[in-house]
Asks: 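Okay, handing you the structure first.
In what follows, chains carry the letters A, B, and so on, assigned in the order in which the sequence lines appear, proteins first and then strands, with residues in each chain numbered from 1.
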Protein chains: 4
Amino acid sequence: MTIKGKRVKIAEEKRKMILTSAREVFSENGLEGTSLRAVAAHAGYTPGALYFHFDSKEALYAEVLNLSLQRLEERIKSEIETLTSHEERLYASGLAFFTFYEENPIDLDLGFYLFRGGMKPAGLGRERDIALNQALEDALSPIAEEAEKLGATETEANLLVVDCFAHATGLLLLLHTGRIRMFNASASVRMKEYVSEKIEQIKNK
Amino acid sequence: MTIKGKRVKIAEEKRKMILTSAREVFSENGLEGTSLRAVAAHAGYTPGALYFHFDSKEALYAEVLNLSLQRLEERIKSEIETLTSHEERLYASGLAFFTFYEENPIDLDLGFYLFRGGMKPAGLGRERDIALNQALEDALSPIAEEAEKLGATETEANLLVVDCFAHATGLLLLLHTGRIRMFNASASVRMKEYVSEKIEQIKNK
Amino acid sequence: MTIKGKRVKIAEEKRKMILTSAREVFSENGLEGTSLRAVAAHAGYTPGALYFHFDSKEALYAEVLNLSLQRLEERIKSEIETLTSHEERLYASGLAFFTFYEENPIDLDLGFYLFRGGMKPAGLGRERDIALNQALEDALSPIAEEAEKLGATETEANLLVVDCFAHATGLLLLLHTGRIRMFNASASVRMKEYVSEKIEQIKNK
Amino acid sequence: MTIKGKRVKIAEEKRKMILTSAREVFSENGLEGTSLRAVAAHAGYTPGALYFHFDSKEALYAEVLNLSLQRLEERIKSEIETLTSHEERLYASGLAFFTFYEENPIDLDLGFYLFRGGMKPAGLGRERDIALNQALEDALSPIAEEAEKLGATETEANLLVVDCFAHATGLLLLLHTGRIRMFNASASVRMKEYVSEKIEQIKNK
DNA sequence: TATGAATGAGTATTCATTCAT
DNA sequence: TATGAATGAATACTCATTCAT
């Protein structure tokens with residue numbers, strides 16, 4: 001590897017280290033409650049140093065969010081690819097979104113910020129929004145595909161996606177805020193039952 | 001009316017005006033993202049002037065939230081009280097939470113802020129959390145009551161509450177962020193179908 | 001008494017009440033640490049109300065100080081007037097300044113503020129200074145008078161005043177700040193010994 | 001000298017410059033009466049800039065006081081160390097405290113602030129108080145040592161310390177406030193006479 | 001690349017004072 | 001007289017960003 005190549009690689013690793021630090025600090029203090037100084041300190045840098053790696057606080061935020069969405073996509077793909085029966089694949093894809101965020105509360109936090117129309121002043125608005133929509137579509141489309149293969153119409157398949165997405169999101173919110181404890185219920189059990197029921201409906205149509 | 005009475009009335013109206021202003025500003029920027037200056041300016045005051053009406057920024061925020069929850073409770077009660085058949089009452093109570101927030105997006109914004117991260121950093125305190133839980137319980141308990149009257153076991157009724165709550169929350173999020181448009185679907189239709197299906201399940205048990 | 005006279009008398013009593021409150025609050029929080037609001041609250045008033053009785057915060061301060069000096073003068077006079085022997089009178093007048101402030105730590109606090117050239121920006125500077133000097137002279141002059149009657153020259157008498165004044169002031173400072181405890185000594189005993197010694201010196205000259 | 005060394009040196013000089021500015025401003029207005037803005041402006045800085053050099057206003061104040069006490073100690077030590085006869089040493093140590101503050105009115109101002117009210121509201125804390133007591137003890141203890149060597153009992157020596165300390169403090173107050181002029185007397189002459197008399201007393205015992 | 005120092009705008013809150021009622 | 005509401009300036013402190021070194 002050339003010297004230049006080495007430098008580039010080192011630079012990339014530093015970026016990643018900073019991004020990882022940022023993820024942790026964000027998850028502890030919330031996006032709005034986190035200062036660049038805090039991220040820098042956690043990463044072992046002075047605030048000014050971060051500006052060699054990221055253009056601004058907002059740009060850093062954006063990159064952290066991007067990484068989170070990438071991880072979501074990868075996770076969902078790997079979840080389905082080993083399965084062969086359509087029913088199994090539908091079940092898996094219906095659960096994958098929920099499961100990823102259940103297991104990665106930091107990303108859930110980041111996701112909620114994204115959802116809330118936050119980051120308005122960032123000025124990266126539209127781009128980011130399109131990327132998010134794409135990521136979501138990629139993450140959720142397997143549900144529709146498999147549902148159609150099990151006999152659902154296109155419309156039915158599409159609504160199944162919405163319903164699963166909404167139910168997962170709602171349960172994650174309940175889980176994340178501890179509100180689910182009020183009801184002595186398990187979020188993941190609720191989600192699994194929901195998806196199972198939906199599959200039964202399609203099969204028994 | 002006495003002069004003193006007039007004064008008190010004027011004072012109350014000013015308080016309300018400030019609260020209304022605060023509602024809007026808070027709902028746009030959240031607790032941490034909103035400065036007292038912003039609220040004051042929006043209400044036509046100097047920052048210091050607000051301290052004659054509220055002890056602190058947090059106290060103001062708390063009052064805004066309280067009012068929002070009160071409105072939720074009142075709305076839900078009034079929705080059910082005129083109905084007589086258990087099925088109608090179950091249907092109405094299953095929808096009421098969703099409908100209130102669908103029609104009052106500002107309150108939805110406030111609600112989401114409350115949920116986020118369990119308000120850890122805000123320090124609005126245990127009291128507030130208990131009040132919120134109570135308000136939610138009051139708002140949702142009619143679902144369980146009516147379900148049992150239609151033949152559901154206590155456990156089933158309880159899970160119905162969780163499921164409705166989660167589904168409503170998820171759909172509201174999709175609606176609020178415009179994400180539901182991606183799927184060409186109507187949040188309220190999805191919610192109504194969900195509640196209807198659930199009622200059918202109970203009846204056909 | 002006329003109606004007008006009654007009104008005036010009531011007004012005067014209210015003034016006194018406020019001044020008394022101010023004294024207490026000052027002594028608890030220090031002059032600089034005390035706000036008009038605090039004085040008002042302690043006196044059962046709103047801040048604005050005080051402006052009917054005093055022109056400004058500084059004017060209120062000034063009056064509190066005046067009262068304190070008046071009390072000092074009265075106390076010193078009453079201390080000496082019953083005594084007949086010159087030696088007794090010299091002893092009493094040498095101690096009176098110290099004793100008053102030992103027994104009235106609030107006034108000591110006020111006094112120190114006065115000394116420290118504080119209140120500079122008040123704009124009542126010169127007047128106040130002259131009044132203070134007069135009060136001090138009145139308070140201390142008996143020492144010189146009696147010393148001369150016991151045989152001291154005018155110069156010796158004058159220096160005796162300075163020395164007693166300085167020693168008293170220093171001991172009061174040590175007493176007030178608790179520093180005297182470091183030495184396991186009693187301020188009043190030190191003062192009494194000092195004055196006694198000085199009297200002996202004069203007599204044995 | 002290395003580049004880093006240069007930087008450190010520059011930084012230290014800036015700190016000193018700020019401390020010097022702070023010394024002056026604090027001595028004029030006291031801790032509570034002085035704003036960070038005022039110190040910053042006097043030092044040619046923005047308020048925020050001071051936070052790179054000191055953690056808080058109180059920390060800055062504490063450092064200013066520390067420096068003042070250090071100077072007192074050093075001065076007193078150097079005053080005595082060249083003398084050999086016990087009488088000379090006693091005389092010098094009895095005067096040193098007074099002389100230092102007579103020559104350094106700014107430090108006197110700082111000292112008086114420290115004394116006032118025992119710093120109750122300032123909250124500079126126990127540590128600071130202990131340090132102050134230690135500095136005073138170090139500054140005054142030579143008086144006792146030398147007195148004992150001249151034949152005084154431990155008790156007598158201890159009381160001599162209190163008496164000298166009090167007399168010096170009182171004279172400094174009179175000097176500092178200009179009150180001494182009222183009596184046409186010289187503070188330093190009064191102090192010297194006082195110490196001389198005390199030494200005579202011990203020798204003639 | 002990275003730092004340390006600096007800025008300028010921002011934060012919530014307090015204060016002396018004013019004034020309509 | 002007295003109040004309650006209001007102002008405008010002040011308070012200590014924080015933050016994102018910049019830049020010489």
Side-chain angles (χ1 to χ4, degrees), chain A residues 7 10-11 14-15 32-40 43-61, chain B residues 3-4 6-8 10-11 14-15 18 32-40 43-60, chain C residues 7 10-11 14-15 32-40 43-60, chain D residues 3-4 6-8 10-11 14-15 18 32-40 43-61:
Chain A
R7 272 212 205 128
I10 289 177
K14 284 181 184 170
R15 266 178 73 96
E32 298 177 15
T34 300
S35 66
L36 244 206
R37 312 165 91 78
V39 174
Y45 282 102
T46 40
L50 298 198
Y51 285 84
F52 290 95
H53 302 278
F54 303 92
D55 284 348
S56 70
K57 194 190 171 190
E58 307 272 351
L60 171 59
Y61 286 1
Chain B
I3 281 182
K4 212 175 176 179
K6 231 179 203 166
R7 270 236 281 242
V8 169
I10 289 177
K14 283 182 184 168
R15 257 181 80 96
I18 296 172
E32 296 173 16
T34 300
S35 69
L36 249 201
R37 306 163 97 85
V39 174
Y45 281 102
T46 328
L50 297 197
Y51 285 84
F52 290 93
H53 303 277
F54 303 91
D55 284 347
S56 69
K57 189 191 169 188
E58 303 239 325
L60 173 56
Chain C
R7 272 213 205 128
I10 289 177
K14 284 182 184 168
R15 265 178 73 96
E32 298 177 16
T34 300
S35 67
L36 244 206
R37 312 166 92 81
V39 174
Y45 283 101
T46 39
L50 298 198
Y51 285 82
F52 290 95
H53 303 279
F54 304 92
D55 285 347
S56 70
K57 194 191 171 190
E58 307 271 352
L60 171 58
Chain D
I3 281 183
K4 212 175 177 179
K6 231 178 203 165
R7 270 235 282 243
V8 168
I10 289 177
K14 284 182 184 168
R15 257 182 81 95
I18 296 172
E32 295 172 17
T34 300
S35 69
L36 250 201
R37 305 163 98 84
V39 174
Y45 282 101
T46 329
L50 297 197
Y51 285 85
F52 289 93
H53 304 277
F54 303 92
D55 284 347
S56 69
K57 189 192 169 187
E58 303 240 326
L60 173 55
Y61 188 60

Asks: Give the rounded distance in Å between these two atoms: CD1 of Ile10(D) and C1' of dA5(E).
Replies: 11 Å
Asks: Write down the distance between NZ (Lys6(D)) and C1' (dT21(F)), rounded to a whole number of angstrom.
Replies: 11 Å
Asks: Given the rule that a pair is Watson-Crick or G-U wobble with both distances under 3.5 Å, how would you write DNA chain F in dot-bracket, using | for pairs to a different strand?
Replies: .||||||||||||||||||||
Asks: Could you give the CD-to-P distance, from Glu32(D) to dA12(F), as a whole number of Å?
Replies: 11 Å
Asks: Looking only at atom types and distance, does a side-chain atom of Lys57(D) sit under 3.5 Å from a main-chain N or O of Thr34(D), one as donor and one as acceptor?
Replies: yes
Asks: Write down the distance between CG (Leu60(A)) and C1' (dT17(F)), rounded to a whole number of angstrom.
Replies: 14 Å
Asks: Answer yes or no: is there a donor N or O on one side and an acceptor on the other, between the side chain of Ser35(B) and the main chain of Ala38(B), under 3.5 Å?
Replies: yes
Asks: For Arg37(D) and Gly44(B), find the nucleotide of DNA chain F closest to each by heavy atoms; which residue's nucleotide sits nearer the 5' end?
Replies: Gly44(B)
Asks: Considering non-hydrogen atoms only, spot the tightest contact between Glu32(D) and Gly33(C) and give its length.
Replies: OE1-N, 3.5 Å
Asks: What is the distance from atom CZ of Phe52(A) to atom NZ of Lys14(A), rounded to the nearest 0.5 Å?
Replies: 11.0 Å
Asks: Judged by each residue's nearest nucleotide on DNA chain E, which is more toward the 5′ side, Lys14(D) or Gly33(C)?
Replies: Lys14(D)
Asks: Is there a side chain to side chain contact (heavy atoms under 4.5 Å, CB included) between Ile18(B) and Phe54(B) once you walk through the steps?
Replies: CA-CA 10 Å; Ile18(B) 296 172; Phe54(B) 303 91; 3.7 Å; yes
Asks: Only counting residues at least two apart or in another chain, list the ones meeting side-chain contact (heavy atoms from CB on, under 4.5 Å) with Tyr51(C).
Replies: Leu36(C)
Asks: Tyr45(A) OH to dT1(E) P: how many Å, rounded?
Replies: 9 Å
Asks: Could you pick out which residue, Pro47(D) or Thr46(B), lies toward the 5' side of DNA chain F when each is mapped onto its nearest nucleotide?
Replies: Thr46(B)
Asks: For Glu58(D) and dC13(F), what is the distance between atoms CD and C1' respectively, to the nearest whole Å?
Replies: 13 Å
Asks: List the residues meeting side-chain contact (heavy atoms from CB on, under 4.5 Å) with Ser56(A), not counting sequence neighbours, and say none if there are none.
Replies: Glu58(A), Ala59(A)
Asks: What are the residues of residues 50-57 of chain B, sorted by number, that bring a heavy atom to within less than 4.0 Å of DNA chain F?
Replies: Phe52(B), His53(B)
Asks: Please report the distance, rounded to the nearest Å, between CG in Leu36(C) and C1' in dT18(E).
Replies: 13 Å
Asks: Could you check Ser35(B) against Ala38(C) and say which one's nearest nucleotide on DNA chain E is further toward the 5' end?
Replies: Ser35(B)
Asks: For Ala11(B), give me all partners under side-chain contact (heavy atoms from CB on, under 4.5 Å), at least two apart in sequence or on another chain.
Replies: none
Asks: Test of understanding: with side-chain contact (heavy atoms from CB on, under 4.5 Å), list the residues that count as partners of Arg7(B), not counting sequence neighbours.
Replies: none
